[in-house]
Peer 1: 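I have a structure here, written as structure tokens, and I will follow up with some questions on it.
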Amino acid sequence: MSHSLENVVSTTIVSGFANKLLNNLQVDVAVVGAGPSGLVAAKTLADKGLKVAVFERKLAPGGGVWGGGMLFNEVVVQEEAKAIVDEFNVNARPIQAAQGYYAVDSVELASALVYGATHAGATIFNAISVEDVAFSGERVCGLVVNWTPVERLGMHVDPLVVLTKAVLDGTGHPCEVLTMVQNKARVKLDTPTGQILGERPMQAATGEISTVENTREYYPGIFASGMSANNVMGGYRMGPIFGGMLLSGKKAAALIERSVRLL
Ligand code: 48H
């Protein structure tokens, strides 16, 4: 039987995606949110040979990078994170008025982070939302996922489950995964109150430091990075400075790699 081009294209896309999904129903690390911290963590973990899947609610991965500051598509990165900017082959222009700080085109940074993570071997599933977590005893063992349009339209469609050895909550300001764990599983998180402390107002330099400090495991199997980590531990926000997000991704990757290899 001869196949029309239309049929070959459709068959290729369906089988390609089906294989990708089948291959990622059990992973080493599941990253929730393709923002800067999640993408740096995904690339770093994939570089180490771990199987990494990233689930991103939006059609376009990249999180809050694209929008720069108030839609002016530029962001700022500090010296401590310059090596990560270089690792992703992104141009950085020194800022004369603030020594040790660089200006970066946010579209270049967002696209480089997405390419870097996928090229290293992480698989990004876009337009898929994490709506719940799966537990095995006292440890989180999986993510409950569904199509974002299903979520947005409020359709009554049951989800699928992706099993994983570790979850990274890289969902940004709302820290969605740890919120689910706190509210639905009703367990205590590893914070001073056992609960999410809530993000504080802007204090840029402090927020940059706390983002990295707050990057760690908050419940067995669940780590938080970026603004999610700041929300959980009551850290300050910092506006369009992104070095802390990149450094947080690196720290999360190192902690997760150690944890996964010990299992
Ligand atoms: C699937 C989800 C879900 C879900 C959310 O916000 P992000 O860019 O994440 P970070 O923390 O790496 O970077 C934060 C930075 O962008 C920022 O907001 C800064 C620096 N703010 C400072 C300030 O003062 O405001 O990306 C998170 C991603 C987004 O793309 C979401 O769509 C996605 O996570 N996401 N994906 N399932 N349940 N929840």
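FYI, side chains are in, hydrogens and waters are out, and symmetry mates aren't considered; it's all heavy atoms of this structure. Whatever order the structure lists them in is the order used to number ligands and atoms, beginning at 1.
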Peer 1: Using 30° and 60° as the class limits, which term best fits the ring planes of Phe55 and Phe125: parallel, tilted or perpendicular?
Peer 2: parallel
Peer 1: Restricting to side chain to side chain donor-acceptor pair (under 3.5 Å), what partner residues turn up for Lys188, sequence neighbours left out?
Peer 2: none
Peer 1: Using the side chain to side chain contact (heavy atoms under 4.5 Å, CB included) criterion, which residues pair with Lys48? Sequence neighbours excluded.
Peer 2: Glu257, Arg261
Peer 1: Please, which pairs that meet salt bridge (charged side-chain N to carboxylate O under 4.0 Å, His left out) have at least one residue in residues 210-225, sequence neighbours excluded?
Peer 2: Asp190-Arg216
Peer 1: Within a strict 4.5 Å, meaning less than it, do heavy atoms of the Val65 and Leu113 side chains meet?
Peer 2: yes
Peer 1: Find all protein N or O atoms under 3.5 angstrom from an N or O atom of ligand 1 and list the pairs with distances, or write 'none'.
Peer 2:
from	atom 1	to	atom 2	distance (Å)
ligand 1	8 (O)	Gly64	N	2.8
ligand 1	11 (O)	Met227	N	2.9
ligand 1	12 (O)	Pro36	N	3.4
ligand 1	12 (O)	Ser37	N	2.9
ligand 1	12 (O)	Ser37	OG	2.7
ligand 1	18 (O)	His173	NE2	3.1
ligand 1	21 (N)	His173	NE2	3.3
ligand 1	24 (O)	Arg237	NE	2.7
ligand 1	24 (O)	Arg237	NH2	3.4
ligand 1	24 (O)	Met238	N	3.4
ligand 1	24 (O)	Gly239	N	2.8
ligand 1	25 (O)	His173	NE2	3.1
ligand 1	25 (O)	Arg237	NE	3.4
ligand 1	25 (O)	Arg237	NH2	2.7
ligand 1	30 (O)	Glu56	OE1	2.7
ligand 1	30 (O)	Glu56	OE2	2.9
ligand 1	32 (O)	Glu56	OE2	2.7
ligand 1	36 (N)	Arg57	N	3.0
ligand 1	37 (N)	Val130	N	3.0
ligand 1	38 (N)	Arg57	NH2	3.3
ligand 1	38 (N)	Val130	O	3.0
ligand 1	38 (N)	Glu176	OE1	2.9
ligand 1	39 (N)	Arg57	NH1	3.3
ligand 1	39 (N)	Glu176	OE2	3.2

Peer 1: Quick one: do Asp28 and Lys51 satisfy salt bridge (Lys or Arg N to Asp or Glu O under 4.0 Å)? Show the steps, please.
Peer 2: CA-CA 5 Å; Asp28 293 317; Lys51 189 196 271 195; over 6 Å; no
